[in-house]
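Everything on this sheet refers to the single structure shown next.
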Amino acid sequence: MSAIERIERRSGRAIVVRGDDIDTDQIIPARYMRSITFSGLEEHVFTDARRDADDIPKDHPFNEERFRGASILVVNRNFGCGSSREHAPQALMRWGMRALVGESFAEIFLGNCVAMGLVAATAAGDDVAALMDAIELDPTQEVTLDLVAMTVSSRAGTARIMLPEGARRQLLDGSWDGTRTLLVEPDAIRETAARLPYLAGF
Amino acid sequence: MGKTLLDKVWDLHTVRELPSGQTQLFIGLHLIHEVTSPQGFQMLTDAGLPVLFPQRTFATVDHIVPTDGSKRPLMDGLAEQMLSTLERNVRKHEIEFFPVGSGAQGIVHVIGPELGLTCPGMTIACGDSHTSTHGAFGAVAFGIGTSQVRDVLASQCLALDRPRVRRIRVSGTLGFGVYAKDVILHIIRTLGVKGGVGYAYEYAGSVIESFSMEERLTLCNMSIEGGARVGYVNPDQKTFEYLRGRRFAPQGEAFERAVRWWSSIASDPDAEYADQVEIEGASIPPSVTWGINPGQAIGIDEKIPTLAELRGGDRSSAEEAIRFMEFKPGHPIRGTPIDVAFIGSCTNGRLSDLREAARVARGRRVAANVRALVVPGSEEVKRQAEAEGLHEIFLEAGFQWREAGCSMCLAMNPDKLVGREICASSSNRNFRGRQGSPTGRTLLMSPAMVAAAAIEGRVTDVRELLR
């Protein structure tokens with residue numbers, strides 16, 4: 001396992017993908033999951049929204065030169081709903097994303113992000129709207145998420161962000177790389193197994 | 001104050017409270033398949049860790065298997081690589097595997113219950129969002145990502161926040177021609193596709209109690225489409241009778257002891273819920289989706305909503321849906337021509353689903369312009385259906401009768417929509433591109449409604465064909 005990485009802040013240029021209920025099939029269609037690794041997924045992120053049937057690029061933020069190099073993705077509501085595929089946050093991270101800010105995230109998607117050390121914080125609808133407008137006006141600006149102060153800062157100002165407390169603490173103390181933490185007390189695992197009626201022949 | 005099933009099961013499986021404040025939860029049953037496990041095993045190998053409880057993980061292959069009976073090596077080299085990687089991993093780690101041809105292979109959420117692996121009071125995880133299906137037995141079951149598959153392999157545990165419980169009571173009785181699929185589509189339509197985030201859904205009430213185990217599986221399956229990672233039904237006599245004698249269920253005296261424990265883990269009558277919702281069974285119509293998420297559903301007699309009729313928060317998705325589907329707001333969904341009919345999936349690929357569809361198909365013909373597939377959810381479902389002669393009804397009607405797998409629910413195998421085709425589908429997701437064509441369109445409905453649409457060549461009220 002890699003060394004512990006404590007994540008207190010993420011800074012960088014940002015990209016905006018508008019729309020509610022963007023499901024993980026949109027982020028990475030199932031046909032690109034026919035692989036035994038995650039490598040190369042970034043090439044296909046949002047592919048059906050980015051290219052038409054003849055492979056001609058469509059209007060999509062991920063096709064826009066001005067957003068190139070962005071590491072913070074700003075979205076609306078229920079982002080990452082649907083399939084549990086970790087391929088979706090993996091594709092985003094391999095594209096270069098280090099943090100997401102949105103109005104809300106689907107639960108499995110959020111859990112996957114945390115397990116990969118990808119920050120996924122929520123903010124109030126008005127704050128997300130202001131952040132989106134500011135980034136589209138000037139994509140060169142730096143956006144900063146601070147997990148200690150729980151704020152997002154941009155030229156739109158500083159707004160409050162939220163994360164489930166458990167997820168926030170995992171990111172801050174580096175325990176998001178979960179396996180190590182779960183193996184700290186092996187006896188407690190065995191004791192739990194031993195008291196389960198269905199593992200003890202009832 | 002009493003406790004809910006969720007709280008009882010959660011407390012029993014709690015290993016410890018983590019410094020993050022989350023629960024380290026022991027996972028009693030871990031199910032794996034070829035799509036979301038290979039990277040998990042690789043991470044495990046990279047970390048130099050063994051599988052801690054190999055006897056609590058079970059594997060099958062479902063997503064990528066061709067359903068036309070084609071043999072190994074699979075024509076699709078990538079699919080073959082995924083399958084052979086799974087075979088290597090289960091051999092190396094001594095994990096029980098149900099391969100094609102074993103008689104026990106099938107969609108992971110169909111075979112778990114069928115084999116008696118899924119039992120009340122368990123915690124169940126699988127790298128697949130439809131793991132909520134297993135909640136039909138009074139288990140706490142949920143989908144996980146691949147890093148979490150690694151965690152379960154390594155520690156048999158996960159770090160999780162305890163969900164709140166919303167009880168959804170469906171009272172009274174259902175109308176004629178209304179199925180479990182219609183109930184869950186109606187619930188999602190009512191509470192929204194994100195209404196369940198942070199909640200476990202406990203389904204209760206006379207309609208749910210009267211449901212068979214297979215109907216409860218359909219119901220719990222789509223909890224995640226309403227945002228709820230967990231959905232469950234309290235175990236009862238039907239649950240126990242279903243499990244009696246199954247391969248991995250407790251046998252003999254142990255079964256009787258199990259029933260006593262299973263009975264004790266149901267929610268107490270005075271349990272406290274974070275939220276309660278009441279739905280009148282008689283108000284639920286045979287339903288069809290018109291859009292690009294499962295909450296965009298209407299009754300067969302209703303019209304596709306205009307933007308003005310929708311709640312503000314639903315409008316942006318609805319606008320996209322109208323644009324993508326190219327349906328006319330204010331027009332009926334009934335009569336919409338279809339190109340493909342798909343009966344199958346972890347939602348509706350079980351024996352009772354095939355029986356209901358066959359009841360509609362019997363003595364009729366699939367419309368000339370429609371490609372219609374029936375894909376049993378497992379080898380066992382296929383065997384039982386054939387023993388009843390259901391395959392002959394389907395074949396005579398012009399349906400294709402396929403081998404078990406996930407098939408056109410998500411089109412990771414060769415079964416795909418082409419171009420702008422419209423598919424009447426008994427599956428669970430109408431997301432853009434879901435059925436294999438980036439521009440293909442999906443209308444979700446019950447298997448009986450799919451059969452009716454296949455026969456008529458257009459979206460049809462199944463009640464007309466059942467009368």
Side-chain angles (χ1 to χ4, degrees), chain A residues 1 18-21 23 25-26 29-31 33-38 47-48 53 76-78 81-87 89-90 104-109 111-112 115-116 164-170 173 175 178-179 181-183 185-186 188-189 191-193 195-199 201-202, chain B residues 12-13 15-16 18-22 24 26 28 35-36 38-39 47 49 64 78-79 81-82 85 119 121-122 127-129 143-148 150-151 154-157 159 161 193-194 197-198 227 229 250 254 257-258 261 293 316-317 320 410-412 429 431-434 436 438-439:
Chain A
M1 273 168 277
R18 291 180 186 267
D20 292 340
D21 307 316
D23 57 74
D25 278 78
Q26 297 296 301
R31 59 186 186 275
M33 287 162 43
R34 287 164 34 257
S35 171
I36 57 165
T37 71
F38 290 130
T47 189
D48 290 340
N76 291 114
R77 298 191 301 173
N78 202 28
C81 61
S83 162
S84 61
R85 60 189 69 166
E86 187 170 309
H87 303 68
Q90 287 280 355
S104 66
F105 295 95
E107 200 168 326
I108 301 178
F109 179 85
N112 286 341
M116 295 162 48
E165 187 54 24
R168 175 177 175 244
R169 282 163 66 174
Q170 280 183 296
D173 68 16
S175 66
T179 319
T181 311
L182 295 171
L183 285 170
E185 293 191 24
I189 298 175
E191 281 159 25
T192 306
R195 71 164 182 258
L196 296 175
Y198 60 88
L199 295 187
F202 295 95
Chain B
L12 183 67
H13 290 79
V15 173
R16 63 183 182 126
L18 294 166
S20 67
Q22 292 180 305
Q24 177 167 349
F26 187 87
V35 180
T36 56
Q39 299 89 343
L49 291 168
I64 53 97
L78 296 172
Q81 188 186 32
M82 293 169 83
T85 302
C119 287
M122 284 181 173
D128 192 292
S129 62
I144 55 176
T146 296
S147 294
Q148 291 169 318
R150 168 204 63 194
D151 289 349
S155 70
Q156 204 61 32
C157 292
D161 290 310
V193 290
K194 50 190 165 288
V197 174
R229 194 175 188 177
R257 291 196 298 275
W261 181 64
N293 73 51
S316 103
S317 288
E320 285 205 43
L410 85 169
M412 284 192 73
R429 289 191 173 131
F431 296 154
R432 282 169 280 186
R434 174 76 179 180
T439 53

Response to the item:
Ranking Asp128(B), Leu18(B), Thr36(B) by heavy-atom pairs under 4.5 Å to chain A gives rank one to Asp128(B)
Worksheet entry | Ala53(A) versus chain B, the contacting section by heavy-atom distance below 4.5 Å | neither
Worksheet item: Quick one: CE on Met33(A) to CD on Gln39(B), what's the gap to the nearest 0.5 Å?
Response: 8.5 Å
Fill in: Ala411(B) portion near chain A, given a 4.5 angstrom heavy-atom threshold
neither
Response to the item:
Greatest number of non-hydrogen atom pairs under 4.5 angstrom with chain A, of Gly28(B), Gly436(B), Gly121(B), Gly127(B), falls to Gly28(B)
Worksheet item: Side chain, backbone, both or neither: which part of Thr439(B) has a non-hydrogen atom closer than 4.5 Å to chain A?
Response: neither
Discussion item. Tell me which of these, Cys81(A), Gly19(A), Ser35(A), has more heavy-atom pairs under 4.5 Å with chain B than the rest.
Written reply: Ser35(A)
Worksheet entry | Part of Gln170(A) within contact of chain B (heavy atom distance under 4.5 Å) | both
Practice prompt. Would you mind checking if Arg432(B) and Asp25(A) are paired as a salt bridge, meaning a charged N to carboxylate O distance below 4.0 Å?
Written response: no
Response to the item:
Greatest number of non-hydrogen atom pairs under 4.5 angstrom with chain B, of Leu182(A), Asp21(A), Thr47(A), Leu196(A), falls to Leu182(A)
Worksheet item: Below 4.5 Å, heavy atoms only, C-beta onward: do Arg85(A) and Val35(B) meet side chain to side chain?
Response: no
Discussion item. Using only atom types and a distance under 3.5 Å, with no angle test, would you say the side chain of Glu86(A) pairs donor to acceptor with the backbone of Ser147(B)?
Written reply: yes
Item to complete: Could you look at Arg434(B) and say if it's the side chain, the backbone, both or neither that has a heavy atom under 4.5 Å from chain A?
Response: both
Worksheet item: Run the side-chain contact (heavy atoms from CB on, under 4.5 Å) check on Val15(B) and Glu185(A) step by step: do they pass?
Response: CA-CA 9 Å; Val15(B) 173; Glu185(A) 293 191 24; 5.8 Å; no
Discussion item. Heavy-atom pairs under 4.5 Å with chain B: which of Asn112(A), Ile108(A), Leu199(A) has the most?
Written reply: Ile108(A)
Practice prompt. Considering only heavy atoms and a distance below 4.5 Å, find which of Ile189(A), Asp48(A), Asp20(A) pairs most often with chain B.
Written response: Ile189(A)
Worksheet entry | Cys119(B), part contacting chain A, at a heavy-atom distance under 4.5 Å | neither
Worksheet item: Between Phe109(A) and chain B, which part of the residue has a heavy atom less than 4.5 Å away: side chain, backbone, both or neither?
Response: neither
Discussion item. Among Met116(A), His87(A), Glu165(A), which residue has the highest count of heavy-atom pairs closer than 4.5 Å to chain B?
Written reply: His87(A)
Fill in: Nearest-0.5 Å distance that lies between atom OG in Ser317(B) and atom CZ in Arg77(A)
7.5 Å
Worksheet item: Any side-chain heavy-atom pair from Gln148(B) and Ser84(A) closer than 4.5 angstrom?
Response: no
Worksheet item: Quick check: does any side chain N or O of Arg257(B) sit under 3.5 Å from a backbone N or O of Gly201(A), one acting as donor and the other as acceptor?
Response: yes
Worksheet entry | Region of Pro29(A) in contact with chain B, defined by heavy-atom distances below 4.5 Å | neither
Worksheet item: Which atoms form the tightest heavy-atom contact between Gln81(B) and Ile36(A), and what is the distance?
Response: NE2-CD1, 3.8 Å
Fill in: When Asp173(A), Asn78(A), Thr37(A), Asn76(A) are compared by non-hydrogen pairs under 4.5 Å with chain B, the top option
Asn78(A)
Worksheet item: chain A: which of Gly433(B), Gly227(B), Gly21(B), Pro250(B) shares the most heavy-atom pairs with it under 4.5 Å?
Response: Pro250(B)
